[in-house]
Amino acid sequence: MKSMKKIPNASYDYYDVPKIRDFEELICLRKDSTKTAFMYREEGKLVRKSFKDAYGDVRDLSKYFAQYYKGKNIAVVGENSYAWVVCAMAIVRSGNVCVALDKDAGVEIWKKQLRQVDVNAVYYSGDYCEEISGLVRKSFPLEEWEDYRKEGRRCGAVKGGRDIDADAMIFFTSGTTGFGKAVVLSQKNIVTDLWAASSIYEPVGASTSFLPYHHAFGFVTSLLMPYYYGVRTFISGSLKHLTDDFKDGKPDTIFAVPMVVETFYKQIWRQARREKREKKLEWGIKISEAALKMGVDLRPKLFGSILAEFGGKCRYIICGGAHLDEKYVKWFRSIGIEILNGYGITECAPVVAVNRNHHKCDGSVGQLCRDVEVKIIDGEVVVGGDIVMKGYYKDRKATAEVLKNGYFFTGDLGRVDEDGFLHITGRKKNLIILSNGENVSPEEIEAVLAKDKGVNEVAVYEYGNRIIASIYPNEGYFGDQDYFDELIYSYNNDKPKNRQIAMVRVRSKAFPRNNNGKILRDKLIEEDNHEG
């Protein structure tokens, strides 16, 4: 048995990372390095791009964009690809604004968004030619990026560049209750967040990037952060090929949202059941946890076949974007992958806090990133610093509601403990106001009910002046109303009458979610109570 290297879970200094001013300094960090920056699959073949290649491609594309556009809003839409990456970086470097569109949003949403942010041109993946090409006067296929690069190479150098405080990228929020807002980030916002978050977490080996780049978490954190650190990134264009991409990319670090983590968990157990080794997996986890307590790491031997599905070298999953139940953190740790939960929001470019490689607190969303200021005002998490957005595009009213004296009011409820770890306890708009004026956080009730073996997912809300629990069961518990009535009876047993759950609704289908994995509560309530 090999002894596990013991690293005390205690505070330590920030990682030493370079402070950069803008995208120009970002791409110049390793402009002469022949080390692989990006890997991706093209027509079934693996392609490698060095940092030197990436620098040249962005430089030449910047000249192309500067030749045809001056301070314009240029949209990019398509699956994750090297073309998406270099075009987005070149648009910003050229002094224009990159608008990141969701490839799955559809024509009607695109129409609204293109008008909303005054888009001048769209660069799109060929799969979306028919839908997107007629929406704006100027539209061009991303697949022809090398032609644009060659044309740019013949142009003069990009002169000057824009103010680092000027508009640089526009990301649309997920919109759990309606149409998303257009968040405007500057180069200063983005590169400050790269520095602040990278000072907290260190991806030692390669990474695989599969989160969609139209989200700030996907583009800034899972793509630009490894590039900033100087580690290789495998660009995964489709979840269908993710297992193959893991095996080819052999990541040390994976960036994921809770919905993806939960999917990994379910797939592992599904595979175990299919191969009739469910009991073996259960025993393996018990043995692993007992051995770890004694300072012995048996995980590579016990779970080698599972870890191989993640490329064989994965040590960390950085998770953010929504709430992740603590049980997943502990379960993945027992098989050899540490989930470092974090907290971010598009309006903060996006990372605010994250658990560290060797200093973490289960149940928290980590320690505050370097030079990021967080206040708790009336229970709400409020963020200050250079990572805070410029505002919502041409929406002064919405901006004024959340941006006050340079501080962003997140709408999330939380606290910072004595060790500096941030804990998110709920969402302000989800609070249930009781008839006596008391506030009840549905997330706190959900955290208790979620621990039950029969519960796959749970949401608590107020309807008809009563507290309702909506439960989507695990396999073997579908339609078992008596079981869940008993669960609620047990929960209510020691609760004051006005804090008791009045009814449990047992669902036959999973909760409606947005593409970032957050529950669409309004739609859920509508579905649950459709028949009155």
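- Using bins of under 30°, 30° to 60° and over 60° for the plane-to-plane angle, the ring pair Phe332/Tyr265 lands in the tilted bin.
- Smallest separation of non-hydrogen atoms from Asn120 and Lys72: CB-CB, 4.0 Å.
- The aromatic rings of Phe421 and His359 lie perpendicular to each other, with more than 60° between the two planes, well past the 30° mark.
- Remark: Phe264 CZ to Ile337 CD1 distance equals 8.5 Å, nearest 0.5 Å.
- Side-chain contact between Asp102 and Ile109 is absent, with no heavy atoms from C-beta onward closer than 4.5 Å.
- Taking each heavy atom of Ser207 and Phe255 in turn, the nearest pair found is CB-CE1, 4.3 Å.
- Taking the centre of each ring, Tyr55 and Phe51 stay at or above the 6.0 Å mark.
- A perpendicular orientation is assigned to the rings of Tyr463 and Tyr461, their planes being inclined by more than 60° (bins at 30° and 60°).
- Side-chain polar atoms of Glu347 and Tyr392 form a donor-acceptor pair below 3.5 angstrom.
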Distance-only check: which donor-acceptor pairs under 3.5 Å involve side-chain atoms of residues 314-322, not counting sequence neighbours?
unit_1: Arg315; atom_1: NE; unit_2: Asp252; atom_2: OD1; d: 2.7
unit_1: Arg315; atom_1: NH2; unit_2: Asp252; atom_2: OD1; d: 2.9

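- Contact record, Ala168 with Val92: O-CG2, 3.4 Å, taken as the closest heavy-atom pair.
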Given the rule in the side chain to side chain contact (heavy atoms under 4.5 Å, CB included) test, do Leu413 and Arg427 qualify, once you have shown the distances and angles that lead to the verdict?
CA-CA 6 Å; Leu413 302 173; Arg427 190 79 180 136; over 6 Å; no
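- Although no hydrogens or angles enter the test, the distance criterion places no donor-acceptor pair under 3.5 Å between the side chain of Arg232 and the main chain of Pro226.
- To the nearest 0.5 Å, atom CD1 of residue Ile387 and atom CG of residue Leu194 are 11.0 Å apart.
- Looking only at atom types and distance, the side chain of Ser236 has no donor-acceptor partner in the side chain of Thr208 under 3.5 Å away.
- Across all their heavy atoms, Trp110 and Val77 have their closest contact at CZ2-CG2, 4.0 Å.
- Residues Phe409 and Ile377 have side chains in contact (heavy-atom distance under 4.5 Å, counting atoms from C-beta outward).
- Checked by atom type, the side-chain pair Asn355/Tyr201 shows no donor-acceptor distance below 3.5 Å.
- Panel note: side chain Glu79, backbone Asp127; no donor-acceptor pair is recorded below 3.5 Å.
- No side-chain donor-acceptor contact under 3.5 Å links Arg59 to the backbone of Ala54.
- Asp245 places no side-chain N or O within 3.5 Å of a backbone atom of Asp248 that could act as its donor or acceptor partner.
- Ring orientation note: the planes of Trp84 and Phe219 are tilted relative to one another, at an angle of 30° to 60°.
- His423 NE2 to Asn341 CG: the interatomic distance, rounded to the nearest 0.5 Å, is 11.0 Å.
- In the model, Tyr40 has no side-chain atom that pairs as donor or acceptor with a side-chain atom of Asn80 under 3.5 Å.
- At a threshold of 4.5 Å between non-hydrogen side-chain atoms, the residues Pro251 and Phe234 do not count as touching.
- The two residues Ser94 and Ser62 make their nearest non-hydrogen contact at CB-O, 3.4 Å.
- Taking the charged nitrogens against the carboxylate oxygens, Glu326 and Lys330 do have a contact shorter than 4.0 Å, which makes a salt bridge.
- Within the 3.5 Å criterion, the main-chain N or O of Val460 finds a donor-acceptor partner in the side chain of Glu446.
- The aromatic rings of Tyr227 and Phe38 sit parallel to each other, their planes meeting at less than 30°, with 60° as the upper class boundary.
- The closest side-chain donor-acceptor pair between Ser470 and Asp528 falls under 3.5 angstrom.
- Pairs passing the salt bridge (charged side-chain N to carboxylate O under 4.0 Å, His left out) check and including a residue from residues 373-392, sequence neighbours excluded, read Asp167-Lys390, Glu380-Lys428.
- Below 30°, between 30° and 60°, or above 60°: for Tyr472 and Phe511 the angle between ring planes is between 30° and 60°, a tilted geometry.
- Ser441 and Glu443 are linked by a side-chain donor-acceptor pair at a separation below 3.5 angstrom, with hydrogens and angles left out of the test.
- Separation of the Tyr148 and Tyr123 ring centroids falls under the 6.0 Å cut-off.
- Separating the CD atom in Glu527 from the CG atom in Leu520 is a distance of 9.0 Å, to the nearest 0.5 Å.
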Under the salt bridge (Lys or Arg N to Asp or Glu O under 4.0 Å) rule, what do Glu457 and Arg513 come out as? Steps first, then yes or no, please.
CA-CA 12 Å; Glu457 51 187 6; Arg513 296 176 182 268; 2.4 Å; yes
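- Of the possible polar contacts, one joining the Thr173 side chain to the Lys181 backbone as a donor-acceptor pair under 3.5 Å is found.
- Within the 3.5 Å criterion, the main-chain N or O of Ala66 finds a donor-acceptor partner in the side chain of Lys70.
- Of the possible donor and acceptor atoms, none in the side chain of Asp325 sits under 3.5 Å from a partner among the backbone N and O of Tyr328.
- A donor-acceptor pair under 3.5 Å is absent between the side-chain atoms of Arg21 and the main chain of Leu26, judged by distance alone.
- Listed for the Thr192 side chain is no donor-acceptor partner under 3.5 Å among the backbone atoms of Asn189.
- For the pairing with Phe408, the side-chain contact (heavy atoms from CB on, under 4.5 Å) check across Val352, Ile345, Val382, Val381 returns one residue only, Ile345.
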